[in-house]
Amino acid sequence: MENAEFIATIDRKIQDMLIFVHKYQRCNMELMRMGSDLDDDLLINHKMYLDGSNPITVSVKQLRYRLTYGETCDASTACDITTSTNYNTNTAYVSHTLQRQMLTYLKNFANPCFDHMNGEYNGVWGGTVQMRHWSETPVCSIVSCSLPNTYYAPDAELGSECAAHTQGITALMATVEEYCDPVFRSDLDGTKHFF
């Protein structure tokens, strides 16, 4: 991969992260705005909705819980947003995990790599990107950080590297793709919701 392709790949990865976080936050805000009277209303799965005869659905309450805590819940009162279930030992809220992963990636990999590539080479500012291949630059040569669905995960023993997203984050990404922006099943039958 040449330097321009490498930079474009990293830039696209950053854009994808930002788009996902924005979509996630927008969806979560929409769900939070919905009153408790809509908690049991069903939302359709955009990826599985075929002809409307048997759509895969989830309730507003279930999706709200999933996007907040990163866990699934059944249709019982266990889905209450006030339940302080920890999906991850570091933080109870998925949004914190996503933002922390994105900022860590930018701070520890993307920004140092771009800064180095734009650095001086033989007295020419920005010459590094023209004269040295990205793989010759230690801060850029972490190949796993250019792969999709990875995050920067510093490891005390192994040093700097990127790792695949946890199962919880991967499942959350799929959930956002499937159910956001929320569409009520009843809206497809002609009943509109206003909130």
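What you see is a predicted model, and the numbers here were worked out from it, not measured in a lab.
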Task: Spatial distance of atom CG (Asp181) from atom CD (Glu30) [nearest 0.5 Å] - done: 5.0 Å
Open item on the list: I need the Met102 CE to Thr104 OG1 distance, nearest 0.5 Å.
Closed with: 10.0 Å
- [ ] Say whether Ser36 and Lys61, considering side chains only, have a donor N or O and an acceptor N or O under 3.5 Å apart.
- [x]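 Side-chain D/A pair, Ser36 to Lys61: absent.
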Open item on the list: Once side chain to side chain contact (heavy atoms under 4.5 Å, CB included) is applied, do any residues pair with Gln130, and if so which ones, sequence neighbours excluded?
Closed with: none
TODO: Please list, chain by chain and in numerical order, all residues satisfying side chain to side chain contact (heavy atoms under 4.5 Å, CB included) with Glu120, sequence neighbours excluded.
DONE: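 Side chain to side chain contact (heavy atoms under 4.5 Å, CB included) check on Glu120 returns Trp125.
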Indicate yes or no: at least one non-hydrogen side-chain atom of [X] is less than 4.5 angstrom from one of [Y].
X	Y	result
His116	Thr128	yes
Met32	Thr68	yes
Leu31	Leu43	yes
Ile10	Phe114	yes
Trp134	Val139	no
Met17	Arg12	no
Phe6	Ser135	no
Phe184	Ile44	no

Open item on the list: Under a 3.5 Å distance rule, please check whether Lys13 uses its side chain to pair with a backbone N or O of Pro148 as donor and acceptor.
Closed with: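 No, because the side chain of Lys13 does not come within donor-acceptor range (under 3.5 Å) of the backbone of Pro148.
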Open item on the list: Please determine whether side-chain contact (heavy atoms from CB on, under 4.5 Å) holds for the pair Asp40 and Val60, giving the CA-CA distance in whole Å, both sets of side-chain angles, and the decisive distance to 0.1 Å.
Closed with: CA-CA 6 Å; Asp40 295 324; Val60 169; over 6 Å; no
TODO: Report the residues that fulfil ring-ring contact (aromatic ring centres under 6.0 Å, His included) with Phe109, sequence neighbours left out, ordered by chain and then residue number.
DONE: Tyr105
TODO: Taking the six-membered ring for Trp and the full ring for Phe, Tyr or His, determine whether the centres of Tyr179 and His46 are under 6.0 Å apart.
DONE: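 When the ring centroids of Tyr179 and His46 are compared, they turn out to be at least 6.0 Å apart.
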